[in-house]
Amino acid sequence: MRILSGIQSSGKQHIGNYYGALRQFVDLQNRGEALYFIANLHALTTVRDPAQASALTRETAIAFLALGLDPRKAILFRQSDIPEVTELYWILGTVVPLSNLDRAHSYKDKLARGIPADFGLFAYPVLMAADILVYGSDLVPVGRDQVQHLEFARDWATKFNVTYVPGYEPADPTGSKGGAPGILKLPEALVQESTAVVPGTDGQKMSKSYNNTIDLFADDAEVRRRIMGIKTDSTPVEAPKPVDTPLHQLLKVMLPQSEFAAVDRTWREGGKGYGEFKKILLAAFHATFDEARARHQALQADPGAVDSILRAGAERARALAAPVIDRVRAAVGIER
Ligand code: TRP
């Protein structure tokens, strides 16, 4: 089974990224042939400062590695190192109905947040589909907000196969019932429902665009400042606290289940102030991430090691993309 996912290098990684995506990626490296990439081409839709684009690409790679991605198990690479992706992106784009892109949620959300409409933003799902299809991926772990993009990838793979593979039957995509197998394989989304949304310090979804994140690799003082700054109300110390508020939800996400049960009881009974609960959260943060934080520091001090991991990863990823792009080229009539 080939597992693939990407993460945009458009900001520093925070606990929302970890519980929503990265943790699952790291676990999955033991369940199949995993490919993970830094979507630095997608990031160009929002990051327009070259020094920052390059620094964030590296930072995202370091974060992956620090959190436990093992380059002997999973293939880690930069999207921009795989020319086969941008080639498939164009070819695939020729069969993409404009009406699909018009109704893309993420595109509409970005415009609603005031990001100017440009071609990159509009074409974003096509590049993402190419990312997935070029390696013949079976399983794509993603956040809930990306499910529509996965449906697009499946629809466009089908459209490509119908257009270019004689004898292809959409009802028999692998050809197991006697038809012709598709050139582009249909991927499945894997959505981690329970922790897909982590609240930010203000109660909205945790996101760098809301400036409400708790960054995984910020220095100790900044982590403390963020956690102590989580928005709470004026419920007195002795009173029961309202549940499903940001601090309560963050405790639930971060504490081991057994510990959370006890904390939750006190929360509902009263007798402990918000400051105490914040200290519990801070301790849980350090208990969970200090090892990764130490690895992060070590990797930052060793750029050569990170470079060679990324170079080796790109080579392996290109080798997997090559047979797919060769068949695509032949199918559409582009000679080498
Ligand atoms: N759009 C994804 C996100 O913002 C990142 C991404 C780009 C991706 N290409 C991908 C995820 C391919 C999975 C597969 O989270």
Side-chain angles (χ1 to χ4, degrees), residues 1-14 16-26 28-29 32-47 53 56-57 60-61 63-64 69 74-82 84-86 88-89 92-93 96 101 104-110 113 115 120-157 184-192 195-198 205-209 213 313 317 320-321 324:
M1 180 172 62
R2 196 167 282 172
I3 301 160
L4 167 126
S5 200
I7 194 149
Q8 248 195 96
S9 48
S10 53
K12 301 227 163 114
Q13 300 305 309
H14 52 68
N17 303 127
Y18 180 73
Y19 291 104
L22 288 161
R23 178 172 64 172
Q24 193 185 11
F25 294 175
V26 173
L28 284 169
Q29 70 185 342
E33 180 183 32
L35 287 89
Y36 295 124
F37 65 93
I38 299 130
N40 59 346
L41 296 176
H42 278 116
L44 295 180
T45 59
T46 53
V47 181
L56 283 173
T57 300
T60 307
F64 256 120
L69 185 132
I75 306 179
L76 178 67
F77 59 101
R78 284 179 292 235
Q79 183 183 34
S80 58
D81 283 338
I82 319 296
E84 290 79 4
V85 166
T86 36
L88 180 59
Y89 155 74
L92 192 64
V96 169
L101 298 180
H105 307 308
S106 76
Y107 176 65
K108 291 196 277 191
D109 289 350
K110 285 171 188 164
R113 277 194 271 137
I115 304 178
L121 220 49
F122 191 62
Y124 185 112
V126 186
L127 182 58
M128 177 159 165
D131 284 328
I132 296 167
L133 300 173
V134 83
Y135 309 106
S137 315
D138 298 297
L139 196 63
V140 184
V142 284
R144 215 177 310 160
D145 59 331
Q146 299 293 315
V147 169
Q148 188 191 35
H149 287 158
L150 257 292
E151 283 162 9
F152 285 154
R154 292 173 60 91
D155 290 350
W156 301 335
L184 298 179
K185 193 188 242 184
L186 307 196
E188 300 283 344
L190 177 66
V191 185
Q192 206 180 31
T195 53
V197 177
V198 176
K205 177 185 178 195
M206 185 175 285
S207 162
K208 111 187 132 46
S209 39
T213 61
L320 298 176
V324 178

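Both ligands and their constituent atoms are indexed starting at 1 by order of listing. Predicted model only: the values in this text are computed from it and were never measured. Just so you know, residue 1 is the first one in the sequence shown, and it goes up from there.
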Could you tell me the residue and atom name of the protein heavy atom closest to atom 5 (C) of ligand 1, and the distance to it rounded to 0.1 Å?
Gly6 O, 3.6 Å
One residue to check: Ile132. Relative to ligand 1, which of side chain, backbone, both or neither has a non-hydrogen atom less than 4.0 Å away?
side chain
Give me the ring orientation class for Trp156 and Phe152: parallel if the planes are under 30° apart, tilted from 30 to 60°, perpendicular past 60°.
parallel
shortest atom 9 (N) of ligand 1-to-protein heavy-atom contact is with Asp131 OD2, 2.8 Å
Centres of the Tyr36 and Tyr135 rings: under 6.0 Å?
no
So among Leu22, Leu76, Ile75, which one has a side chain to side chain contact (heavy atoms under 4.5 Å, CB included) with Leu69?
Leu76
Assess the side chains of Ser9 and Asn40: does a donor N or O sit below 3.5 Å from an acceptor N or O?
no
Should the proximity of Asp145 to ligand 1, defined as any heavy atom under 4.0 Å, be assigned to the side chain, the backbone, both, or neither?
neither
Heavy-atom contacts with Val140 under 4.0 Å: which atoms of ligand 1 show up? List them by number with element.
13 (C), 14 (C)
Starting from atom 2 (C) of ligand 1, which protein heavy atom do you reach first, and at what distance in Å?
Gln146 OE1, 3.4 Å
Can a cation-pi geometry be assigned to Lys110 and Tyr124, taking NZ or CZ under 6.0 Å from the six-membered ring centre and within 45° of the ring axis?
yes
Between Arg78 and Thr57, do the side chains contain a donor N or O and an acceptor N or O under 3.5 Å apart?
no
May I ask you to identify the nearest protein heavy atom to atom 7 (C) of ligand 1, giving residue, atom name and distance to one decimal place in Å?
His42 ND1, 3.3 Å
Atoms of ligand 1, numbered as shown, that sit under 4.0 Å from any heavy atom of Ser5
11 (C), 13 (C)
Atoms of ligand 1, numbered as shown, that sit under 4.0 Å from any heavy atom of Gln8
4 (O)
Met128 versus Leu150: any side-chain heavy-atom pair under 4.5 Å?
yes
What residue and heavy atom of the protein are closest to atom 4 (O) of ligand 1, and at what distance?
Tyr124 OH, 3.3 Å
